[in-house]
Amino acid sequence: MEKLKSILVVAGRCEADPVLMAKAARLARSLGTGLELFVCDAEQAYELKHAYESRGLENKMLQDCIKRAKEYHLRHKELIGLEGIAFSVDASCESPLYEGILHKVKKSRPELVIKAAGGGRSNHSAFDANDWQLMRTCPSTLALMRGRHWNRKMRIATAIDVSEEEEAKGLAGTILTVARDLARATGADLDVVYAERAAPDEPAREVRVEKLQWLTREAGIGPDHVFILEGSPERELSGFAAGRDYDVMVLGALTHRPSAVSLVGTLTSVLVEDLACDFVLVKPGSYRYGVRTETTSAAAPV
């Protein structure tokens, strides 16, 4: 996060956009980076795909989409304080939505992608099919935002897994680095939460706890911000986090089970359903994704 070059903001032209873009602007200022604002008009793309005669319509629809997106973001520039932040506007007509976003990510290669959860219809929007697909497939760090505003003094938590499977991918360290850099840039408080299933007298437990302590020391996180819970992470972490009013949870996006490497992790699935906070989802550096690369879009610097 300290070397962040760009943030891609996926806007839905909906009621959640002002809060979404205000958060993006706050991150851009904190991290010293620019914003690329992106609209993918999946509905028009769907209509075009099913039109009886689509010849000549595609380019016109795209240009209309870009024009509307640019006008929309220019209006919000003044409303949410984007002045002084370098940003550009891009748009595409593509369906399904998540594939349009993936094509944009492949082209722009942002370090962070920000999107409103579930279309941004409420403060605790349920994640929709596009969100779940992006959790599985987006190669960049993905932030899914609910509609509530962040506290002035942000509170961030990260839940990491120090099992052998996660350590083999280096994912625990990567998640912790992302959370630490985000907290430092925004001046937020950061808690590290870990749930241990094993009994206190099991040797493997001591090894994992020592690994956790080493990782947090290396990240410069004091022991008073490290919490070790007893029991199943899926059961214990939700209750713990719900009582601490976190603004953001930083998690690994995928399960560590070798037979299901393309699936969203069980813990992540539970927490995103139970908690009303925003989520930043991180994948291992070795993650690769496959999606066809053809798309129709055009960028418009502002």
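Residue numbers start at 1 and run along the sequence shown. As the structure is a computational prediction, the values presented were derived from the model and not from experiment.
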Can you confirm whether V10 sits close enough to C40 that some side-chain heavy atom of one is under 4.5 Å from a side-chain heavy atom of the other? no
Does any non-hydrogen side-chain atom of F127 lie less than 4.5 Å from one of R146? yes
How many angstroms lie between atom CZ of F279 and atom CG of L144, to the nearest 0.5 angstrom? 9.0 Å
Roughly how far apart are M249 CE and D274 CG, rounded to 0.5 Å? 10.5 Å
Applying the side-chain contact (heavy atoms from CB on, under 4.5 Å) test to L190, which of I221, L182, T216, V248 qualifies? I221
Is any side-chain heavy atom of I101 closer than 4.5 Å to one of C138? no
Taking N151 for the side chain and M154 for the main chain, is one N or O donor matched with an acceptor at less than 3.5 Å? no
When you compare the side chain of L134 with that of L97, does any pair of heavy atoms fall below 4.5 Å? no
In terms of heavy-atom contacts, L20 and A116 come closest through CD1-N, 3.7 Å
Can we say E234 and R197 salt-bridge, meaning some charged N sits less than 4.0 Å from an Asp/Glu carboxylate O? yes
When rounded to the nearest 0.5 angstrom, what is the spacing between CD in E236 and CD1 in I228? 13.5 Å
Taking the six-membered ring for Trp and the single ring otherwise, decide whether the centroids of Y194 and F227 are under 6.0 Å apart. no
Please answer whether the main-chain N or O of F38 pairs with a side-chain N or O of D90 as donor and acceptor at a distance below 3.5 Å. no
Apply the test side chain to side chain contact (heavy atoms under 4.5 Å, CB included) to residues V250 and I156: give CA-CA distance (whole Å), side-chain angles for both, the deciding distance (0.1 Å), then the verdict. CA-CA 8 Å; V250 184; I156 299 175; 4.0 Å; yes
In plain terms, say whether E230 and R205 are close enough for a salt bridge, that is, a side-chain N and a carboxylate O under 4.0 Å apart. yes
Co-membership, hydrophobic cluster, residues V162 and V207, 4.5 Å side-chain: no
With a sphere of 6.0 Å drawn around CZ of R109, does it hold more than 12 non-hydrogen atoms of other residues, nucleotides or ligands? no
Keeping the roles fixed (side chain from E196, backbone from A198), state whether a donor-acceptor pair exists under 3.5 Å. yes
At their closest point, which heavy atom of A195 faces which heavy atom of G231, and how far apart are they? CB-O, 3.7 Å
Is it true that the side chains of E36 and S108 contain a donor and an acceptor less than 3.5 Å apart? yes
When you compare the side chain of L8 with that of I114, does any pair of heavy atoms fall below 4.5 Å? no
Distance-only, no hydrogens or angles: does the T268 side chain make a donor-acceptor pair with backbone N or O of G252 under 3.5 Å? yes
Specify the closest pair of heavy atoms between A185 and L31, including all atoms of both residues, with the distance to one decimal. CB-CD2, 3.3 Å
Residues K104, E94: salt bridge by 4.0 Å N-O rule: no
Give, for atom CG of L237 and atom CG of L229, the distance between the pair rounded to the nearest 0.5 Å. 5.5 Å
So V226 and Q213, do their side chains get closer than 4.5 Å, heavy atoms only? no
Out of curiosity, D181 CG to S30 OG, how far, rounded to the nearest 0.5 Å? 12.5 Å
Look only at the side chain of T33 and the backbone of S6, and say whether a donor-acceptor pair between them is shorter than 3.5 Å. yes
Return yes if some donor-acceptor pair links the side-chain N/O of D247 with the main-chain N/O of R155 below 3.5 Å, else return no. yes
R148 bridged to D245 by N-O distance under 4.0 Å: yes
Verdict with supporting geometry, L112 and L27, side chain to side chain contact (heavy atoms under 4.5 Å, CB included): CA-CA 10 Å; L112 177 63; L27 289 177; 4.2 Å; yes
Please report the C-alpha distance between L215 and E218 in whole Å, then the side-chain angles of each, then the deciding distance to 0.1 Å, and finally whether the side chain to side chain contact (heavy atoms under 4.5 Å, CB included) criterion is met. CA-CA 5 Å; L215 284 170; E218 288 293 298; 5.8 Å; no
Point-to-point distance, once rounded to the nearest 0.5 Å, from CZ of F87 to CE of M21: 9.0 Å
Please tell me if the side chains of D131 and K115 come closer than 4.5 Å, counting only heavy atoms from C-beta onward. yes
Contact between L102 and P139 at the side-chain level, heavy atoms closer than 4.5 Å - yes or no? yes
For A24 and V9, work out which heavy atoms get closest and say how close. CB-CG2, 3.6 Å
For V113 and T141: C-alpha separation, side-chain torsions, deciding distance, then whether side chain to side chain contact (heavy atoms under 4.5 Å, CB included) applies. CA-CA 6 Å; V113 177; T141 297; over 6 Å; no
Specify the closest pair of heavy atoms between K283 and L171, including all atoms of both residues, with the distance to one decimal. C-CD1, 3.7 Å
Y246: which of D191, T158, D278, D189 passes side-chain hydrogen bond (donor to acceptor under 3.5 Å, both in side chains): D191
Taking every heavy atom of S238 against every heavy atom of V270, the minimum-distance pair comes out as OG-CG1, 3.7 Å
